[in-house]
Visitor: 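Before I ask anything, here is the structure I am working with.
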Amino acid sequence: MNPLDLLRTASFSPNSLRFPDAWIGHIPFAVWLIQRISPKIFVELGTHSGNSYFSFCQAVVEANLPTKCYAVDTWRGDKHAGKYGEEVFQNVNAHHQEYFAGFSRLLRMTFDDAVSYFEDGTIDLLHIDGLHSYDAVKHDFETWLPKLAPGAVVLFHDTNVRERGFGVWKLWGELQAQYPLNMEFVHSHGLGMLQFSNGKSEGQLPWLASGTAEQQGLKNYFAALGARQIERYELINLRKTVAECDGQIATLNQVVAERDGQIANLHQAVAERDGQIANLNQAVAERDGQIANLHQAVAERDGQLTNLNQTMAERDGQLSDRHELAADREALRYTVAELYASTS
């Protein structure tokens with residue numbers, strides 16, 4: 001075991017970290033392991049957002065390994081990973097095409113459909129992280145078992161989860177009794193690792209022997225490095241959250257500024273309306289004054305009409321008197337005429 005390789009692993013910085021975060025704590029060990037065993041073929045069953053697979057692939061690139069990598073997944077989710085939309089595969093595929101398409105393939109199919117695409121005894125490193133019920137993970141292991149090369153290494157995620165129908169822990173207990181070269185990390189939901197003892201001696205990993213001091217040292221070391229990766233992921237999410245909050249605050253400030261502008265416009269409109277109302281009130285007051293003047297003029301005209309009517313009545317009375325005088329005169333004339341005409 002080269003201490004320098006362990007130190008290099010501590011500086012590994014994954015270029016893709018996405019939800020969910022259950023595997024992130026095992027990234028340093030995955031990087032060190034694949035560079036340590038340099039497999040010809042690596043297969044991952046269950047990739048989801050790619051945290052584990054892309055870490056393996058990035059380690060292949062950084063160590064310039066000849067490894068061919070394959071990720072098998074339907075990218076539709078299951079009852080343990082949850083159902084998710086097409087955008088998850090689109091993100092995984094975009095990252096894969098940008099960085100790893102030269103030596104890696106995404107096989108979008110079921111695990112059972114993919115097994116026929118590999119020859120027996122050819123897979124050096126297998127990572128099983130699909131449906132986590134006991135029956136499902138046992139079926140996956142037994143189905144892919146003929147495809148494993150002598151001395152192959154197999155990884156099982158979620159060996160330390162005992163709720164929601166997870167049964168990897170139960171199968172792992174059975175496999176530990178069957179395969180003596182094994183080790184389990186209990187952090188980040190647990191990761192079990194076993195190696196077949198039928199390989200070449202130079203390919204064997206002696207620290208997988210149970211109870212060795214090296215094994216416990218590796219557990220402690222990679223648990224600590226895994227905690228740093230989780231902190232890094234949380235810091236990235238925190239920064240993203242802060243950035244989103246800043247964006248929301250900027251948006252709110254813009255909304256407030258627009259609202260303030262609307263309020264200012266409303267105040268101006270209210271002021272203009274108040275001015276119009278004041279002008280209308282002044283016009284109404286002037287109209288009321290004109291109406292009052294008209295009422296006064298009408299009253300004066302009515303008084304003049306009354307006086308005229310009275311004058312006309314007096315004039316009519318005078319005319320009536322004149323008519324009576326004229327009649328009296330006419331009667332006198334007639335009497336005088338009769339007198340003159342009389343012979344007596």
Side-chain angles (χ1 to χ4, degrees), residues 16-27 29-30 33 41-57 69-93 96 104-118 123 125-148 152-179 182-194 196:
S16 176
L17 287 179
R18 295 180 180 271
F19 178 85
D21 61 352
W23 220 94
I24 291 176
H26 298 299
I27 287 177
F29 177 72
L33 177 66
I41 294 180
F42 161 60
V43 176
E44 179 173 87
L45 305 181
T47 296
H48 199 164
S49 63
N51 287 334
S52 57
Y53 187 71
F54 289 148
S55 296
F56 282 116
C57 289
C69 300
Y70 300 89
V72 184
D73 203 318
T74 62
W75 281 281
R76 293 187 176 89
D78 55 44
K79 69 177 182 179
H80 289 150
K83 298 295 182 179
Y84 46 81
E86 184 67 15
E87 71 281 354
V88 173
F89 174 74
Q90 291 174 353
N91 291 332
V92 168
N93 187 54
H96 175 267
S104 169
R105 292 292 179 272
L106 303 181
L107 304 180
R108 195 172 190 184
M109 59 186 71
T110 65
F111 301 164
D112 287 353
D113 289 338
V115 72
S116 62
Y117 290 94
F118 296 87
I123 299 174
L125 176 60
L126 177 68
H127 174 217
I128 300 177
D129 195 14
L131 184 62
H132 294 86
S133 67
Y134 172 80
D135 292 335
V137 70
K138 182 178 181 181
H139 171 80
D140 293 338
F141 176 69
E142 292 176 349
T143 300
W144 286 80
L145 187 59
K147 307 299 176 180
L148 299 176
V153 172
V154 185
L155 301 175
F156 299 85
H157 189 224
D158 291 314
T159 57
N160 197 29
V161 181
R162 296 171 180 260
E163 64 269 9
R164 294 185 294 132
F166 280 55
V168 185
W169 61 271
K170 183 178 180 181
L171 177 65
W172 178 244
E174 296 173 0
L175 294 177
Q176 282 180 303
Q178 187 176 353
Y179 298 94
N182 67 79
M183 179 173 69
E184 181 185 12
F185 295 100
V186 297
H187 67 281
S188 294
H189 298 208
L191 182 70
M193 171 188 175
L194 63 82
F196 297 141

Visitor: Which distance, rounded to the nearest 0.5 Å, do you find between the NZ of Lys138 and the CG of Leu171?
Guide: 7.5 Å
Visitor: Using a 4.5 Å cut-off on heavy atoms from C-beta on, say whether the side chain of Leu106 contacts that of Val92.
Guide: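 Answer yes - side chains close enough.
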Visitor: Before giving the answer on side-chain contact (heavy atoms from CB on, under 4.5 Å), spell out for Gln178 and Leu194 the whole-Å C-alpha distance, their side-chain angles and the decisive distance to 0.1 Å.
Guide: CA-CA 10 Å; Gln178 187 176 353; Leu194 63 82; over 6 Å; no
Visitor: Between atom CH2 of Trp172 and atom CG of Asp158, what is the distance when rounded to the nearest 0.5 Å?
Guide: 13.0 Å
Visitor: To the nearest 0.5 Å, how far apart are CD in Glu184 and CG in Leu175?
Guide: 11.5 Å
Visitor: Consider only side-chain N and O atoms of His26 and Ser52, and report whether a donor and an acceptor are under 3.5 Å apart.
Guide: no
Visitor: Using a 4.5 Å cut-off on heavy atoms from C-beta on, say whether the side chain of Ile41 contacts that of Lys147.
Guide: no
Visitor: Hey, which of Leu126, Thr143, Asp129 is the one that makes side-chain contact (heavy atoms from CB on, under 4.5 Å) with Leu45?
Guide: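 When side-chain contact (heavy atoms from CB on, under 4.5 Å) is applied between Leu45 and each of Leu126, Thr143, Asp129, only Leu126 qualifies.
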Visitor: Any side-chain heavy atom of Val43 within less than 4.5 Å of one from Val72?
Guide: yes
Visitor: Do you know which two heavy atoms are closest between His157 and Val168, and how far apart they sit?
Guide: O-CG1, 3.6 Å
Visitor: Below 4.5 Å, heavy atoms only, C-beta onward: do Phe54 and His96 meet side chain to side chain?
Guide: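 SC-SC contact between Phe54 and His96 confirmed.
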Visitor: Do the two ring centres, one from Tyr70 and one from Phe118, sit under 6.0 Å apart?
Guide: yes
Visitor: OG/Ser55 to CD1/Ile24 distance, rounded to the nearest 0.5 angstrom?
Guide: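 Between atom OG of Ser55 and atom CD1 of Ile24 there are 8.5 Å.
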Visitor: Mind checking whether Thr110 and Thr74 have side chains closer than 4.5 Å, heavy atoms only?
Guide: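 Sidechains of Thr74 and Thr110: in contact.
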Visitor: Between CG of Asp113 and CG of Leu107, what distance do you get to the nearest 0.5 Å?
Guide: 10.5 Å
Visitor: Taking side chain as C-beta onward, heavy atoms only, is Asn160 less than 4.5 Å from His189?
Guide: no
Visitor: Show your reasoning for whether side-chain contact (heavy atoms from CB on, under 4.5 Å) applies to Phe29 and Met183.
Guide: CA-CA 12 Å; Phe29 177 72; Met183 179 173 69; 4.0 Å; yes
Visitor: Which residues pass the side-chain contact (heavy atoms from CB on, under 4.5 Å) test with Asn91, sequence neighbours left out?
Guide: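 Asn91 satisfies side-chain contact (heavy atoms from CB on, under 4.5 Å) with Arg18 once adjacent residues are dropped.
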Visitor: Closest heavy-atom contact between Ser188 and Gly25?
Guide: OG-CA, 3.1 Å
Visitor: Once the angle between the rings of Tyr179 and Phe141 is folded into 0 to 90°, is it parallel (under 30°), tilted (30 to 60°) or perpendicular (over 60°)?
Guide: perpendicular
Visitor: Does any non-hydrogen side-chain atom of Asp21 lie less than 4.5 Å from one of Asn51?
Guide: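 They are not in contact (no side-chain heavy atoms under 4.5 Å apart), so the answer is no.
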Visitor: Please determine which of Phe166, Phe156, Trp169 meets the side-chain contact (heavy atoms from CB on, under 4.5 Å) test together with Val137.
Guide: Phe156
Visitor: Yes or no on side-chain contact (heavy atoms from CB on, under 4.5 Å) for Leu155 and Phe56, after CA distance, side-chain angles and deciding distance?
Guide: CA-CA 12 Å; Leu155 301 175; Phe56 282 116; 3.8 Å; yes
Visitor: Where do Ile123 and Ala152 come nearest, in terms of heavy atoms and distance?
Guide: O-CB, 3.5 Å
Visitor: State the CZ-CG distance between Arg108 and Asp73, to the nearest 0.5 angstrom.
Guide: 8.5 Å
Visitor: Are His48 and Trp23 close enough that some pair of their side-chain heavy atoms sits under 4.5 Å apart?
Guide: no
Visitor: What do the steps show when you test Tyr134 against Glu174 for side-chain contact (heavy atoms from CB on, under 4.5 Å), and what is the final call?
Guide: CA-CA 11 Å; Tyr134 172 80; Glu174 296 173 0; 2.9 Å; yes
Visitor: Can you tell me if Ser49 uses its side chain to pair, donor with acceptor, with the backbone of Phe19 under 3.5 Å?
Guide: yes
